Amino acid sequence: MCMYSAESRGPETGCPTDWHLAHLASRAAGGAGLIMVEATAVRPDGRITPWDLGLWNAEQEKVFGRIARVIRELGSVPAIQLAHAGRKASSDRPWLTGAQLPPENGGWAVKGPSAIPYGRWRAPAELSREEIFALVEDFSAAATRARNAGFQVAEIHGAHGYLIGSFLSPHTNARIDEYGGSFENRTRFALQVVDAVRAVWPAEFPLFFRLSATDWLSENPSDPREGWSVADSVRLAVILRAHGVDLLDVSSGGLVPDARITAGPGYQVPFAETIRAGARIPTAAVGLINEPRQAQDILDEGRADAVFLGREMLRNPYWLRHAAETLGYEREWPTQYGYAIKTRRGVFQRSVD
């Protein structure tokens with residue numbers, strides 16, 4: 001049972017707590033136009049860690065409803081990312097060991113498209129066709145709960161080597177049935193999930209898809225391994241658009257632990273730009289976007305249609321309000337903060353008795 005308190009944060013519930021409400025609401029008060037609840041598992045064994053959130057039962061839906069309502073009341077759009085971690089599930093907190101947890105330490109058996117392990121982690125069990133069908137229904141059911149809870153954007157997580165992403169790449173998908181082999185077969189599961197979610201998601205609400213544009217194998221000529229390429233992403237993006245996806249959240253990597261990644265400020269923006277131009281679909285840019293002018297230039301130059309911030313917003317929930325001021329835009333702060341803001345701007349005179 002979910003209880004809306006800090007005591008409910010145990011690994012068995014997948015429920016938001018008071019902490020999640022404060023965390024997400026502060027970013028809405030901080031001026032973000034959209035607040036995304038990331039990596040919300042569609043079933044218990046789909047969590048990345050035992051402490052992750054989930055949306056597989058009515059109690060979780062009820063608690064999420066309060067969070068979505070508060071985000072809306074603070075002037076932001078509540079969004080939720082629906083996910084299954086696949087072979088990368090059952091791991092420790094990434095800022096601790098990040099290692100895969102065995103069942104005796106709170107973990108569980110993991111599954112994936114094929115029995116191919118993530119690095120030195122234990123090999124997942126290959127999903128049966130019946131299990132794949134059930135997973136499609138799990139995504140649909142979670143989307144229905146997200147809709148009922150009051151979320152206004154849903155995002156399907158198909159990136160970073162989690163379940164959907166590991167179906168896409170030939171590096172992790174060695175199946176010989178209709179879910180493996182050709183591009184059409186490897187993308188089948190992703191499209192079935194998209195169709196199932198789109199069928200229950202209101203037409204007036206956007207559907208996003210998070211995609212790793214590349215595994216960073218084809219980008220390295222010295223790496224002979226076959227992976228998922230930017231060209232593959234453009235090809236899939238065209239199909240996703242036809243299936244009702246409104247925006248691609250373009251990231252990269254996460255599938256191959258020893259892939260060589262050339263990282264730097266805005267290093268993933270060219271992927272968003274290429275997919276946007278090649279597939280004629282709106283994209284969001286992510287990854288080491290830390291400065292206001294940097295983010296604004298991406299939009300002004302038409303390289304992406306949106307910028308999503310992660311770690312920078314963890315460090316500073318009011319980054320967007322400060323960025324607006326830096327760029328010369330007037331943004332109203334919450335009225336409850338008026339005294340502090342007006343004093344800083346020098347337009348508030350304290351009366352003296």
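This one's a predicted model, so the numbers in the text were calculated from it and none came from an experiment.
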Do the non-hydrogen side-chain atoms of [X] and [Y] ever get within less than 4.5 Å of each other?
X	Y	value
Asp92	Trp51	yes
Arg66	Pro16	no
Leu168	Asn173	no
Glu178	Phe189	no
Asp249	Leu211	no
Phe139	Ile164	yes
Tyr179	Asn185	no
Thr214	Ser229	no

- Item | Candidate pair Leu236 and Arg241, rule side chain to side chain contact (heavy atoms under 4.5 Å, CB included), full reasoning | CA-CA 9 Å; Leu236 176 60; Arg241 184 189 64 189; over 6 Å; no

Using modelled atom types only, decide if a donor and an acceptor are shared between the side chain of [X] and the backbone of [Y] within a distance under 3.5 Å.
X	Y	result
Thr97	Arg93	no
Ser169	Gly227	no
Arg276	Gly302	yes
Gln294	Asn290	yes
His322	Ala324	no
Lys88	His160	yes
Ser233	Ala213	yes
Arg175	Leu127	yes
Ser166	Leu163	yes

Mind jotting down which residue pairs meet the salt bridge (Lys or Arg N to Asp or Glu O under 4.0 Å) criterion with at least one end in [range]? Sequence neighbours excluded, please.
range	result
residues 22-44	Glu38-Arg210, Arg43-Asp45, Arg43-Asp138
residues 179-199	Glu184-Arg235, Arg198-Asp246
residues 211-232	Asp223-Arg225, Arg225-Asp258

- Might you confirm whether atom CZ of Arg260 has over 12 heavy atoms from other residues, nucleotides or ligands at distances under 6.0 Å?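 Atom CZ in Arg260 is not crowded, with 12 or fewer foreign heavy atoms closer than 6.0 Å.
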
- Can you tell me if CG on Leu96 sees more than 12 non-hydrogen neighbours from other groups inside 6.0 Å?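 Above 12, so yes.
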
Give a yes or no on whether [X] and [Y] share a hydrophobic cluster (residues Ile, Leu, Val, Met, Phe, Trp, Tyr; joining criterion: side-chain heavy atoms under 4.5 Å apart).
X	Y	value
Val200	Val136	no
Phe64	Leu207	yes
Phe167	Val194	yes
Val37	Val42	yes

- Check ion pair Arg315-Glu312 (N to O, under 4.0 angstrom):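 A salt bridge is present here (some side-chain N lies under 4.0 Å from a carboxylate O).
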
- Item | Test: Glu126 and Lys111 ion pair at under 4.0 Å |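 No, no charged N to carboxylate O under 4.0 Å.
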
Atom pair [atom1] ([X]) and [atom2] ([Y]), whose distance is rounded to the nearest 0.5 Å:
X	Y	atom1	atom2	result
Gln296	Glu301	CD	CD	10.0 Å
Thr13	Gln60	OG1	CD	7.0 Å
Trp108	Leu101	CH2	CG	7.5 Å
Cys15	Lys62	SG	NZ	10.5 Å
Glu291	Leu327	CD	CG	10.5 Å
Leu191	Leu240	CG	CG	6.0 Å

- Task: For His243, check ring-ring contact (aromatic ring centres under 6.0 Å, His included) against everything at least two apart and list the hits.
- Result: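 His243 satisfies ring-ring contact (aromatic ring centres under 6.0 Å, His included) with no residue once adjacent residues are dropped.
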
Among Ile, Leu, Val, Met, Phe, Trp and Tyr joined by side-chain contacts under 4.5 Å, find the other residues sharing a cluster with [X] and list them by chain and number.
X	result
Leu247	Leu34, Met36, Val77, Val153, Phe208, Val286, Phe308
Trp319	Val269, Ile289, Ile298, Leu299, Val307, Leu309, Met313, Leu320
Trp121	Tyr118
Tyr162	Ile48

Can you give me the closest heavy-atom contact between [X] and [Y], atom names plus distance?
X	Y	answer
Pro282	Asp305	CA-OD2, 3.0 Å
Pro124	Gly112	CB-N, 3.6 Å
Ala237	Ile275	CB-CG2, 3.7 Å

- Item | Pairing residues for Glu61 by the side-chain hydrogen bond (donor to acceptor under 3.5 Å, both in side chains) criterion, not counting sequence neighbours |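 Not a single residue meets the side-chain hydrogen bond (donor to acceptor under 3.5 Å, both in side chains) criterion with Glu61.
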
- Query: By side-chain hydrogen bond (donor to acceptor under 3.5 Å, both in side chains), which residues pair with Arg280, not counting sequence neighbours?
  - Reply: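 Applying side-chain hydrogen bond (donor to acceptor under 3.5 Å, both in side chains) to Arg280 gives none.
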
- Message: Check for me whether Arg47 meets the cation-pi criterion with Trp56, that is, NZ or CZ under 6.0 Å from the six-membered ring centre and within 45 degrees of the ring axis.
- Response: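 No.
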
- Under the side chain to side chain contact (heavy atoms under 4.5 Å, CB included) criterion, do His23 and Thr17 qualify, and how do the steps go? CA-CA 10 Å; His23 165 69; Thr17 68; over 6 Å; no

- Ring geometry between Tyr267 and Trp216 (parallel below 30°, tilted from 30 to 60°, perpendicular above 60°):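 Rings of Trp216 and Tyr267: tilted, 30 to 60°.
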
- Item | Aromatic ring pairing Trp201/Phe205, orientation class (parallel under 30°, perpendicular over 60°, tilted between) |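 The rings of Trp201 and Phe205 sit tilted, inter-plane angle from 30° to 60°.
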
- Message: What verdict does the side chain to side chain contact (heavy atoms under 4.5 Å, CB included) test give for Phe271 and Val230, after you've listed the backbone C-alpha separation in whole Å, the side-chain angles of each residue and the deciding distance to 0.1 Å?
- Response: CA-CA 7 Å; Phe271 302 142; Val230 178; 3.8 Å; yes

- Just checking, any donor-acceptor pair under 3.5 angstrom between side chains of Trp228 and Ser212?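 Ser212 and Trp228 do not have a side-chain donor-acceptor pair below 3.5 Å.
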
- Item | Modelled atom types, side-chain donor and acceptor of Ser252 and Gln268, under 3.5 Å |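 Yes, because at least one side-chain N or O of Ser252 sits under 3.5 Å from a partner of the opposite role on Gln268.
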
With a cut-off of 3.5 Å and sequence neighbours excluded, list every side-chain donor-acceptor pair involving residues 78-87.
unit_1, atom_1, unit_2, atom_2, d
Gln81, OE1, Ala39, N, 2.6
Gln81, NE2, Glu155, OE2, 2.7
His84, ND1, Gly86, N, 2.9
Arg87, NH1, Ile116, O, 3.0
Arg87, NH1, Pro117, O, 2.6
Arg87, NH2, Leu255, O, 2.8

- All pairs passing ring pair (Phe, Tyr, Trp, His ring centres under 6.0 Å) where residues 285-306 contributes a residue, at least two apart: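 Counting only pairs at least two positions apart or across chains, no ring pair (Phe, Tyr, Trp, His ring centres under 6.0 Å) contact touches residues 285-306.
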
